[in-house]
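Here is the structure we will look at.
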Amino acid sequence: MDPADSAYFPSHECGVFAVYGHPNAAELTYYGLYALQHRGQESAGIVSAPGNSLPFEVHRGMGLVSQVFPEAEIKRLTGTRAIGHVRYSTTGSSNIKNAQPITVTCSKGQLAIAHNGNLVNAGILREELEAQGSIFQTTTDSEIIVHLMAKLGPAGGGPAAREQSIIETLGRIQGAFSLVVMGESEIIGARDAFGFRPLCIGKLDGAYVLSSETCALDLIHAEFVRDVEPGEIVVIDEQGLRSLKPYVPKPRQALCVFEFVYFARPDSTLSGHGVSQARIRMGQALARLHPVEADLVVPIPDSGNYAALGYAEESGIPYGQAFVRNHYIGRTFLQPSQLTRSFGVRVKLNLIKAAVKGKRVIVVDDSIVRGTTARARVVNLREAGAKEVHIRISCPPHRHPCHYGIDFPDPADLIANQMDAEAIKKYLGADSLGYLDTASMVRACGLPEDRFCLACFNGDYPVEVKDEADKLRLERHATTGAGPLLDEADVWQEHLI
């Protein structure tokens, strides 16, 4: 990954987790979120249900799961049902008011929701809801789902009303969403009809578990049951698990291929295919497509590890480690200056100079977005005495913005949108540059091309984008005459719709 010194690079999405029917539901959810930490590092939250008629217990905070949840908070979150969320902001900025799960009390009773994805008609729906009197407390698109559930469906707070309200709500929203919802007696999981974002079902000691990825099931020793299908709603209550498929199936699916390339943890499986094996195959295909004589294959850790292994295996060139990652770097708010400009590049990865001195080096990573950091890596290698530097990327060039949950909405921030491969090579200062082609990337994943969204590579968007493609669009909307928002210092737990 090219962690450029800008807000615009593909960052982790969000992760959701839920447990129904276990006496330690919140604790299991804590560990589930811990396993999903790679999907979001800005905030975390858990909501548990101590009983069908008692108020939900809520804890949310900014930072990593281990920072947000001291042991005392986990013990406070009692009950046999819980949902959790780790957040990377794709709509709405990073602050406590936008942390999830979102909780409300409304005509449908108590609701809590955790959402992974991005709605492309969020602005339109928010304007409509505000015109009808809804007051928004956050600047996330996820809150729109809560307001719709409160308004749609039959009146009353029973399970049937909540079930019908989510069916009608999901029929109104457009875009990418995998979500978990907790009502007063049930937990509901759902995926959009294209299946942009993953969501799977597990079982543990008779309890049901929902998770963004299978690696979280492994951590708590839950048995993988199956994936939630695109367009499916699963309702889990005291009767067990029921599957609802109320929508007309789409002619294609659109799982984000970047889940295989980068987002998902390598020990997860997606649609029955192992992520680490797919990345190794990408590296092997990359070696066949862009061979070069060299002395060493090195990954950019951790995103390039498995593709580099595949490249080395296929090419016969030795695999080695030249970059050392600092795993303890958090978010920094220092602004770039002449003194700190290079620090931002070196702080996450440092170079072992002796490993590359006098050698022809192949550097493997999953993507180049802006190119700023990739260029700095080449400079570092040259300074360390590398004889040649060859860049290999295990996916095609990112030429188009993503509107479904990856934070690079502006085409001007995508180097491949502005330059061809030869110009990018010169900008990076590399001896050669090779990208994996789309067909090889798809084959490596083990699924047909019509099962993936490839819009960031080819511009073919499965869902029409009706809103301005900007993660802060709802905040600008809120400050230009729409409904009131809480002050950034305010922390809200529940509100009445």
Side-chain angles (χ1 to χ4, degrees), residues 1-10 258 261-262 282-283 285-301 303-304 307-308 311-312 315 317 320 322-323 336 338 341-346 348-351 353 355-402 408 410-438 440-441 456-459:
M1 175 55 59
D2 173 19
D5 54 347
S6 161
Y8 296 106
F9 61 90
F258 223 57
V261 174
Y262 171 74
M282 290 175 195
L286 191 56
R288 293 190 294 268
L289 189 63
H290 296 289
V292 66
E293 291 186 6
D295 304 305
L296 186 66
V297 177
V298 301
I300 296 295
S303 55
Y311 195 104
S315 66
I317 300 170
F323 292 99
Q338 191 64 34
R341 201 173 304 277
S342 62
F343 173 79
V345 173
R346 298 172 190 267
K348 291 185 179 181
L349 295 178
N350 196 30
L351 183 62
K353 297 179 181 180
V356 300
K357 186 175 181 179
K359 294 182 180 179
R360 301 166 297 176
V361 181
I362 300 170
V363 180
V364 180
D365 202 359
D366 68 286
S367 63
I368 298 174
V369 182
R370 293 191 68 188
T372 310
T373 304
R375 184 180 185 180
R377 301 282 178 241
V378 176
V379 171
N380 291 350
L381 287 161
R382 301 284 193 200
E383 291 174 347
K387 188 186 300 183
E388 296 176 7
V389 180
H390 304 275
I391 305 296
R392 297 293 180 266
I393 304 300
S394 61
C395 74
H398 285 86
R399 294 193 173 96
H400 305 276
C402 175
F408 48 77
D410 190 344
D413 287 303
L414 306 177
I415 191 170
N417 184 275
Q418 307 297 316
M419 305 179 186
D420 62 19
E422 181 63 24
I424 295 172
K425 184 197 78 171
K426 291 179 180 178
Y427 171 79
L428 299 179
D431 292 283
S432 71
L433 170 65
Y435 288 93
L436 191 61
D437 65 286
T438 301
S440 297
M441 176 184 64
C456 57
F457 305 121
N458 61 19

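Positions are given from 1 along the sequence.
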Spatial distance of atom CZ (Phe258) from atom CG (Asp366) [nearest 0.5 Å]: 5.0 Å

Please examine the side chains of Asp365 and Val363, heavy atoms only from C-beta on, and report whether any two atoms are closer than 4.5 Å. no

Residues forming a side chain to side chain contact (heavy atoms under 4.5 Å, CB included) with Ala307, sequence neighbours excluded: Val364, Ser394

Hey, mind stepping through Val369 and Ile415 against side-chain contact (heavy atoms from CB on, under 4.5 Å) and telling me if it holds? CA-CA 6 Å; Val369 182; Ile415 191 170; over 6 Å; no

Considering all heavy atoms, the nearest Val378-Gly429 contact: CG1-O, 3.4 Å

For Thr438, what residues pass the side-chain hydrogen bond (donor to acceptor under 3.5 Å, both in side chains) criterion, not counting sequence neighbours? none

So how far is it from Leu414 CG to Cys402 SG, rounded to the nearest 0.5 Å? 10.5 Å

Salt-bridge test for Arg382 and Asp431: reply yes if a basic N is under 4.0 Å from a carboxylate O, no otherwise. yes

Tell me, please, which residues at least two apart from Asp437 pass side-chain hydrogen bond (donor to acceptor under 3.5 Å, both in side chains). Ser440

Partner set under ring pair (Phe, Tyr, Trp, His ring centres under 6.0 Å) for Phe323, not counting sequence neighbours: none

Output yes when a side-chain donor or acceptor of Ser315 lies under 3.5 Å from a complementary backbone atom of Ile317, and no otherwise. yes

With sequence neighbours left out, the residues meeting side chain to side chain contact (heavy atoms under 4.5 Å, CB included) with His290 are Leu286, Arg392

Does the ring centre of Tyr435 sit less than 6.0 Å away from the ring centre of His398? no

Please list, chain by chain and in numerical order, all residues satisfying side-chain hydrogen bond (donor to acceptor under 3.5 Å, both in side chains) with Arg360, sequence neighbours excluded. Asp295

Heavy-atom check, side chain of Val261 versus side chain of Met282, under 4.5 Å: yes

Locate the shortest heavy-atom distance separating Val298 from Ala322; write the atom from each residue and the value. CG1-CB, 3.8 Å

Within-4.5 Å side-chain heavy-atom neighbours: Leu349 and Arg377: yes

Quick one: list whatever passes side chain to side chain contact (heavy atoms under 4.5 Å, CB included) with Ala416, sequence neighbours left out. Pro397, Arg399, Ile424

Please round to the nearest 0.5 Å and tell me the distance separating atom NZ of Lys425 and atom CE of Met419. 13.5 Å

For Lys359, all residues meeting salt bridge (Lys or Arg N to Asp or Glu O under 4.0 Å), sequence neighbours excluded: none

What do the steps show when you test His400 against Phe457 for ring-ring contact (aromatic ring centres under 6.0 Å, His included), and what is the final call? CA-CA 6 Å; His400 305 276; Phe457 305 121; 9.2 Å; no

Quick one: closest heavy-atom pair of Ala374 and Leu428, and the distance? CB-CD2, 3.8 Å

Let me confirm one number: the CD1-OG distance from Ile362 to Ser432, rounded to the nearest 0.5 Å. 7.5 Å

Between the CD1 atom in Ile368 and the CZ atom in Arg375, the distance rounded to the nearest 0.5 Å is 12.5 Å

Could I get the full list of side chain to side chain contact (heavy atoms under 4.5 Å, CB included) partners for Ala421, not counting sequence neighbours? none

Considering non-hydrogen atoms only, spot the tightest contact between Ala412 and Gln418 and give its length. CA-NE2, 3.4 Å

Considering non-hydrogen atoms only, spot the tightest contact between Leu351 and Ala384 and give its length. CD2-CB, 3.5 Å

For Asn458, enumerate each residue passing the side-chain hydrogen bond (donor to acceptor under 3.5 Å, both in side chains) test, keeping only those at least two apart in sequence or located in another chain. none

